[in-house]
Amino acid sequence: MIDAENFLFNNVQGALKEIYSISTQNIVFQKTRKEFVGDFTLVTFVYTKDSNKTPEQLGTEIGDYLVKSNSFIEGYNVVKGFLNISLSIQFWINYFNEIKQKTTIGFKKENSSGKMIMLEYASPNTNKPLHLGHVRNNFLGYSVAQLLKANGHQVIKTNLVNDRGIHICKSMLAWQKFGNGETPKSSGLKGDHLVGKYYVAFDKLYKQQVEILITEGHSKELAEKKAPLLLEAQEMLLLWEAGNLEVLELWKTMNSWVYEGFDITYKNLGVDFDKIYYESDTYLFGKEVVEQGLSKNIFYKKDNGSVAIDLVAEGLDEKIVLRSDGTSVYITQDLGTAIERFKSYPQLNQLIYTVGNEQDYHFKVLFKILDRLGYHWAKECYHLSYGMVELPEGKMKSREGTVVDADELLEEMYETARLTTEELGKVEGFTEFELDNLYRIISLGALKYFILKVDPKKKMMFDPKESIDFNGHTGPFIQYTYTRIKSILRKSENLLDENFDSLSIQSIEKEIIRFIYDFEAIIVEAGKAYSPALLANYIYEFTKLYNRFYHECPILKEENSQIRNFRLHLSKASAQVLYNAMSILGITMPERM
RNA sequence: GGUCCCAUAGCUCAGUUGGAUAGAGCACAGGUUUUCUAAACCUGCGGCCCUUGGUUCGAAUCCAAGUGGGACUACCA
């Protein structure tokens, strides 16, 4: 594979040695900015001290040397401390000849890195339907998994379902009290929504009870703890833990409703998992770990019987790992599950948790404790932390009903895609089935791109009223560009597989080849940063560039057959890049739209 | 109180080991179709990169302090 940076590195290294007797590995190229002529830029300020030359002199002398030393280096120009180097058209054409038929462009070979990574995402509670926050989590998790696969890693996607605990007992209790035996079938409600309805019902009554207690003179804190409904829910949780059959039966039934609902939502979101863990199976994990840590004096017992670890030296606080009654806290089971995972997958190299940044502290503590316990893989645990999705009114709050429901959102997006498509009227001859498929692809593409183009680490704003645009910096824009290429390819005859030597091409065509060349490096970079956003922004720039080409240069209408064939190949390769890149974002491409 | 994150155009966002005159989309004003899909292309408008200091050839980017916003700091999950 042709590697321009490596090629230039060797040449510049030679130049520095020969002209100035400087031996250095510190040679970095950046892409020449588009307002200047050139392909790669070397910053020469770096070498002024060792050479006693001005940046301009350095630029000129190195440039001269390079042009003489290798025919692929065609020219250069110097602007202040910047040496802009142009490679010959032939260099780029050689590259293009090599990759133009590759369908796997940008991707490393499957499992070629030898690295196995477990990536956890989604991990919902089972007491309510998914909302926009989960949507970001799911898109991000799925996309990062794709990204890691593209980098040659083996990825196991997991989902740790929070199927037990006080939250689901709340829904169960409310259903017992007010449900009258309602089921998804009897009500026509999607299972997760039905269960969520009773979670809301619980909260409503609970708040009323708290209010009453407060007017009776109790403090707010006490009232929140002593409301009868909450006490009942806690009792139910104890019954669950004791294995009470009736409670377990209800628990199983209501969870099964939720799973039926979630499965539909996951399918509509286009995400999936290789392995699903249930908290009811794992929540007791970690207790022996605490015993071990206690015997090694990593943990200590407090006067009241609880077990803790002191992390003050690391800038963290004391953390309880076992309650005084001997029961686990959340982090106890997290310790247990992490250890269990590395046990059951001995080849595992890395464990990634896709969880919102409100839990930054939790994961710092978790990884630190694993490290203290002596697990060498603790440093391979990574918290893929992402920012909250905010609405114009502020943060979403489940219990206050200020959430954007995932299913409703998808439906609205679908509707918008349908209306927009009908308005444009380009879908004659589509079957009902094809139309439905198209609306899904476009609406989901719009939503995924909208969310994934933002740096995961940053919080993002989502305004449901200004429903997502299909123009400009959007998923459909990229999909549209793809369909235009496919349309041309359909109309063209079979592509002649020829190599393009010494063909004279336009500068925009060379720019496109250059962008394709960058694709592989972007995947590596985005993978290292766990950031689909880097890729999303690359695709957008690439798409804009291709659209300019499409507008400026005739393809099918080009009369010179060799140029026509070249442009067809260039378009085909561009489509492949768009397709591959979007597939990493989890976005499907339509053939027509 | 302590810890962490964020602040770039009217709005939403890029700007990645410090590099050239800080970029897009939306919105707004205008233009492009007898030519491969106008969900496109082109032009214009729009900036104290929160403030102040520091580091150096060079800072939106690194450091410090301040201001404003957010999160975390449970024997919750």
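Because the structure is predicted, anything quoted here is derived from the model rather than measured. Every chain is numbered from 1 and lettered A, B, ... according to where its sequence line falls, protein lines coming before strand lines.
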- Is the ring centre of A:Phe477 less than 6.0 Å from the ring centre of A:Tyr480? no
- Query: Considering only B:rC41, B:rG19, B:rC36, which nucleotide approaches the side chain of A:Lys544 most closely?
  - Reply: B:rC41
- Length of the line joining A:Lys34:NZ and B:rA20:P, which is rounded to integer Å: 13 Å
- Query: B:rA20 base to A:Asn84 side chain: any donor-acceptor pair below 3.5 Å?
  - Reply: yes
- Interatomic distance at P, B:rA74 relative to B:rG66, whole Å: 24 Å
- A:Arg490 side chain near B:rU37 phosphate (N/O to OP1/OP2, under 4.0 Å): no
- Message: Does the structure place the NZ or CZ of A:Arg136 under 6.0 Å from the centre of the six-membered ring of A:Tyr386, at an angle of no more than 45° from the ring's axis?
- Response: no
- Message: Once you apply a heavy-atom cut-off of 4.0 Å, does A:Thr41 come out as touching a base, just sugar-phosphate, or nothing?
- Response: base
- Within the structure shown, what part of the strands sits under 4.0 Å from A:Gln359 by heavy-atom distance: base, sugar-phosphate, or nothing? base
- Mapping A:Ile27 and A:Val427 to their closest nucleotides on RNA chain B, which lands nearer the 5' end? A:Ile27
- Minimum-distance nucleotide to A:Thr483 side chain [options: B:rA77, B:rU37, B:rG23]: B:rU37
- Task: Name the nucleic acid region contacted by A:Lys319, choosing base, sugar-phosphate or nothing; use a 4.0 angstrom heavy-atom cut-off, strictly under.
- Result: nothing
- Message: Is the phosphate of B:rG23 approached by A:Arg33 (side-chain N or O, under 4.0 Å from OP1 or OP2)?
- Response: yes
- Task: Give a yes/no on whether any side-chain N or O of A:Arg548 is located under 4.0 angstrom from OP1 or OP2 of B:rC41.
- Result: no
- Message: Here's a test of your reading of the structure: between A:Leu322 and A:Thr32, which maps to the more 5' nucleotide of RNA chain B?
- Response: A:Thr32
- Message: Is the positively charged end of A:Arg592 above the ring of A:Phe430, judged by distance under 6.0 angstrom from the centroid and angle within 45° of the axis?
- Response: no
- Message: I'd like the P distance from B:rC57 over to B:rU51, given in whole Å.
- Response: 25 Å
- Task: For A:Lys364, answer base if it contacts any base atom (sugar-phosphate contacts may also be present), sugar-phosphate if it contacts only those atoms, and nothing otherwise; contact means non-hydrogen atoms under 4.0 Å.
- Result: sugar-phosphate
- Query: Out of B:rA77, B:rC41, B:rC72, which has the shortest distance to the side chain of A:Tyr361?
  - Reply: B:rC72
- Quantified in whole Å, what is the P atom distance between nucleotide B:rU43 and nucleotide B:rG18? 33 Å
- Check every strand shown and say whether A:Phe477 touches a base, only sugar-phosphate, or nothing at a heavy-atom separation below 4.0 Å. sugar-phosphate
- Would you mind building the protein contact string for nucleotides 6-15 of chain B? One character per nucleotide, 5' to 3', B for base within reach (heavy atoms under 4.0 Å), S for sugar-phosphate only, - for untouched. -S----SSSS
- Message: Counting only side-chain nitrogens and oxygens, does A:Ser487 get under 4.0 Å of the OP1 or OP2 atom of B:rC36?
- Response: no
- Item | Salt bridge A:Glu511-A:Lys34, side-chain N to carboxylate O under 4.0 Å | no
- Query: Which pairs pass salt bridge (Lys or Arg N to Asp or Glu O under 4.0 Å) with one or both residues in residues 568-577 of chain A, sequence neighbours excluded?
  - Reply: none
- Query: A:Asp50 CG to B:rC57 P: how many Å, rounded?
  - Reply: 13 Å
- Task: Ignoring hydrogens and angles, answer whether the base of B:rA40 and the side-chain atoms of A:Thr481 contain a donor-acceptor pair closer than 3.5 Å.
- Result: no
- Message: In whole Å, I'd like the distance from the OH atom of A:Tyr546 to the P atom of B:rC36.
- Response: 14 Å
- Between A:Asn357 and B:rC5, is there a side-chain N or O to OP1/OP2 distance below 4.0 Å? no
- A:Tyr353 ring center near A:Phe363 ring center (under 6.0 Å): yes
- Using side-chain contact (heavy atoms from CB on, under 4.5 Å) as the criterion, list what pairs up with A:Ala536, not counting sequence neighbours. A:Tyr449, A:Lys453, A:Leu585
- Of all the choices, B:rU21, B:rA77, B:rU37, which nucleotide is nearest to the side chain of A:Lys491 once you look at every atom? B:rU37
- Task: Please state the C1' separation for the pair B:rC4 and B:rG46 - nearest whole angstrom.
- Result: 35 Å
- Task: Just compare B:rA20, B:rC41, B:rC57 and give me whichever is closest to any side-chain atom of A:Asn547.
- Result: B:rC41
- Item | Residues in side chain to side chain donor-acceptor pair (under 3.5 Å) contact with A:Gln506, at least two apart in sequence or another chain | none
- Query: How about A:Glu423: does its CD atom have over 12 heavy atoms from other parts shown lying under 6.0 Å from it?
  - Reply: no
- Query: Does RNA chain B take part in any stems of at least 3 consecutive Watson-Crick or G-U pairs (both distances under 3.5 Å), and if so, which ones?
  - Reply: B:1-7 with B:67-73, B:10-13 with B:23-26, B:28-32 with B:40-44, B:50-54 with B:62-66
- Task: Answer with base, sugar-phosphate or nothing: what part of the nucleic acid does A:Ser531 contact at a heavy-atom distance below 4.0 Å?
- Result: nothing
- Over-ring placement of A:Lys31 relative to A:Phe515, 6.0 Å and 45° cut-offs: yes
- Item | Inter- and intrachain pairs under side chain to side chain donor-acceptor pair (under 3.5 Å), touching residues 521-540 of chain A, at least two apart | A:Gln350-A:Tyr530
- More than 12 heavy atoms of other residues, nucleotides or ligands under 6.0 Å from OH of A:Tyr414: is that the case? yes
- Item | Whole-Å distance separating the CD1 atom of A:Ile478 from the P atom of B:rA40 | 11 Å
- Message: Just the rounded figure in Å: distance from P of B:rC26 to OH of A:Tyr449.
- Response: 13 Å
- Query: Is the distance from OP1 or OP2 of B:rA40 to the nearest side-chain N or O of A:Asn471 less than 4.0 Å?
  - Reply: yes
- Message: When the P atoms of B:rG31 and B:rC13 are compared, how many Å lie between them, rounded to an integer?
- Response: 32 Å
- Between CZ of A:Phe470 and P of B:rG25 the distance, given in whole Å, is 19 Å
- Message: Say we look at B:rU61 and B:rG15: how far apart would their C1' atoms be, to the nearest angstrom?
- Response: 9 Å
